[in-house]
Structures are given as C-alpha cells and as structure tokens.
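Since the structure comes first, as structure tokens, the remarks are kept for the end.
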Amino acid sequence: PDGNPYAKGTVDPEGIALSPRQTLYISSEGVSRDQIPPFVNEYDLQTGQYRSRLPIPQRFLPQTLDDQPAGVQDNRGFEALTLSAVGFSGGQQLEPFRIFTAPEFGLLQDQPPQPEDSATALPPTPIRFLHYLVGVGNNAPSEIISEHLYDLDLPPEGTRDYGLSELLVLDQAGHFLSLERSFGLSGFGAKLFQIATGGATDTSTLPNLRDSIEGITPIRKELLLDLTTLGLPLDNLEGMTLGPQLPDGSQSLLLASDDNFNDIQVTQFLLFRLKGWRSQ
C-alpha cells in the first residue's frame, strides 16, 4: 500500500480475480507462523498500484485466544477467490458486485475434537465461506454480506495434506463450483463439486464452529467428478476458471496446477466441457 515492494516472506498470493472496473483482487494466505495476516486486496490492472482492501473478520487473523492459537492455519489461508459482476456498461460500474473467498482449511478455533477411538470416523472439517458486496464507485466501501459453513470432504487414506483450493461463480443465484485437492502416498488427487449457498445458515456470529455446529445448515454440495478416475497423472490443481464457449455452444472449464517451483512437478492445464449448463 505504501508503494514499496512487499518484504520477502510477508505475502503468499494464491487467488486472483479480474473485476470489470479493470482492477485485480488478489488473496494472500498470510504467514501465520510470523503473525502476518491474510488479505484480499485490490490493485490497478495497468499500474499494479494498491487500491483497497476487503475487511477481514478478526476471527481469521493469527492470534491467541484463551491461551490457544486461533485464526487461519499457516499456509492454509485464503486460497479460493471468485467474483460475480453484473451491471457494467462502457467500463462504468452501475451496480455493486460480489466477491467470495474461503480459507484452504478450517480456522484453528473451529477444528472439531478428534475421536479418541481410532475406529471412529473423523468429523468433516468446517470452513468459513465469505460473501462480500463491493459498492459502486472506486472509493465505495466493501462489506461482508454473509458467512456460511462449507464442509470439506474427508481425505483419501494416506493423505498428507488436503484442502479447498478454488471456488468459481456459476450464476447470480448462489451456484458455484468448488475444487478440493489432496496429496499423499498415492500422489495428487482432486474432486470437483457443485455447491449452492441458498438456505445455508449465516455463521458470522458464531465465535467457533467446534462447539456450535448443531443446527447449522451447511452449504449444499454434490460431487461432479473425482479427477483420479480420469486415468491422468494429476498435479497440484489449485486454479479454476470458465473458458471460452465451445463450438457446440456449451461452456468450457479450465483447471490449472501450481507446480510449487518443484522440478519434479509440472504446470498442468485440463480442459473440460460443462454438460447441461450454459453461461448466461
């Protein structure tokens, strides 16, 4: 924001979304071990200059509550980011637009108790899904409209790491795609879901989801594709966007991997057709 480069090790950018007012929103996971908070910032597309910052609720910030660590987990902050915009003409913003983001994994204070009996099934990991409204005009305030519970699927056996890696708006009616990816003894895995926020409980007033999860209606989700069934060597899939319309009029979908600057990984792009759905 002061015009200088970010100091090394203070940002971990993950999500990116282009707004119709020719700015970029970029999410950073932060660096929790150093108490560096996550953010979702707006930057000018042409100059790269900082424009604004979305308000991040205190519960997401690295901190200590009741002598216990709280906030986003290290390297598991705001990974997913997507934007929904209508009401633009000639480059002018006519209506507010919406931004959605979520951390890769549940907040530390939201982690469910682990079962004492190893034979007992693990509970799903609760993730807080944030819905922002950005007002008309370059200096208009941004505010949180709602927050909902997203239940992360349980990981495959032998998994070392897993989480929610991306979200994608499908329409103006609360329908999205979500991408969950995993890594373990059998390599990378990924699952694609369709989700719907309509009817989901607003969790923004709940201090934690460890003790208060009864009675909460989570975001609905349905598995569309387990990518391990494709017979392809998958990499670390973390990006997702709608692509161009295909010759038959159907909508394309692109997934992209993050190779972690690792020589034994690859930058991978996968192209799909969304059957039975066309962009409006």
Side-chain angles (χ1 to χ4, degrees), residues 1-6 10-31 36-61 71-72 75-89 91-104 127-148 150 163-172 174-179 195 197 204 237-243 253-256 258 279:
D2 63 7
N4 292 312
Y6 286 97
T10 61
V11 294
D12 184 4
E14 292 287 357
I16 187 168
L18 174 65
S19 85
R21 63 185 185 191
Q22 295 304 291
T23 60
L24 288 174
Y25 281 87
I26 296 176
S27 64
S28 170
E29 293 190 296
V31 187
I36 297 172
F39 64 70
V40 180
N41 287 357
E42 182 186 21
Y43 301 90
D44 187 272
L45 181 62
Q46 299 301 321
T47 67
Q49 289 184 323
Y50 169 88
R51 292 275 295 272
S52 69
R53 172 170 293 186
L54 296 185
I56 306 299
Q58 181 70 26
R59 57 186 166 274
F60 287 82
L61 306 183
V72 295
N75 201 32
R76 290 182 165 188
F78 293 134
E79 183 100 15
L81 184 70
T82 188
L83 185 150
S84 173
V86 295
F88 281 79
S89 176
Q92 298 298 312
Q93 181 184 353
L94 305 178
E95 297 179 17
F97 61 89
R98 299 169 189 272
I99 295 176
F100 307 89
T101 187
E104 183 177 357
I127 290 176
R128 294 179 186 254
F129 173 107
L130 289 172
H131 174 185
Y132 288 90
L133 185 69
V134 180
V136 176
N138 290 336
N139 298 315
S142 306
E143 59 179 329
I144 295 175
I145 296 299
S146 60
E147 176 192 281
H148 303 296
Y150 178 98
L164 174 64
S165 61
E166 189 61 294
L167 293 166
L168 179 62
V169 171
L170 287 180
D171 57 29
Q172 306 297 320
H175 297 103
F176 302 77
L177 295 181
S178 68
L179 179 65
I195 67 173
T197 57
S204 58
L237 293 167
E238 292 191 345
M240 177 167 59
T241 187
L242 294 176
L253 177 74
L254 279 161
L255 304 186
D258 175 355
S279 60

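Residue numbers run from 1 in the order of the sequence given.
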Nearest heavy-atom neighbours spanning Y150 and I195: CE1-CG2, 3.9 Å
Nearest non-hydrogen partners of S142 and P55, listed with the distance: O-CG, 3.5 Å
Parallel, tilted or perpendicular: rings of F100 and F176 (30°, 60°): perpendicular
Intermediate values then yes/no, side chain to side chain donor-acceptor pair (under 3.5 Å), E238 and S165: CA-CA 5 Å; E238 292 191 345; S165 61; over 6 Å; no
Check: D44 main-chain N/O paired with T23 side-chain donor or acceptor under 3.5 Å: no
L253 and L168, any side-chain heavy atoms less than 4.5 Å apart: yes
Minimum side-chain heavy-atom gap E42-I99 below 4.5 Å: no
Shortest non-hydrogen separation from N75 to E104 and the atoms involved: O-OE1, 3.2 Å
Side chains of I16 and I26 in contact at under 4.5 Å (non-hydrogen atoms): yes
Gap separating the OH atom of Y43 from the CD atom of Q49, nearest 0.5 angstrom: 12.0 Å
Nearest-0.5 Å distance, CG of residue L255 to OG1 of residue T241: 10.0 Å
Side-chain heavy-atom pair Y132, I144 within 4.5 angstrom cut-off: yes
F39 and Y6 aromatic ring geometry - parallel, tilted or perpendicular at 30°/60° bounds: parallel
Any donor-acceptor N/O pair, E166 side chain to L81 backbone, under 3.5 Å: yes
pair R128-R59: side-chain heavy atoms closer than 4.5 Å: yes
L18 side chain reached by L24 side chain, heavy atoms, under 4.5 Å: yes
H131 side, atom NE2; S204 side, atom OG - distance, nearest 0.5 Å: 12.0 Å
L177 side chain near M240 side chain, heavy-atom distance below 4.5 Å: yes
Shortest non-hydrogen contact between R76 and P103, atoms and distance: O-CB, 3.6 Å
Nearest atoms (heavy-atom pairs only) where G135 meets P96: CA-CB, 4.3 Å
Partners passing side chain to side chain donor-acceptor pair (under 3.5 Å) against Q172 (at least two apart in sequence or in another chain): S84
Close side-chain approach of T10 and S28, heavy atoms under 4.5 Å: no
Check: F78 main-chain N/O paired with T101 side-chain donor or acceptor under 3.5 Å: no
Considering all heavy atoms, the nearest G239-L179 contact: O-CD2, 4.3 Å
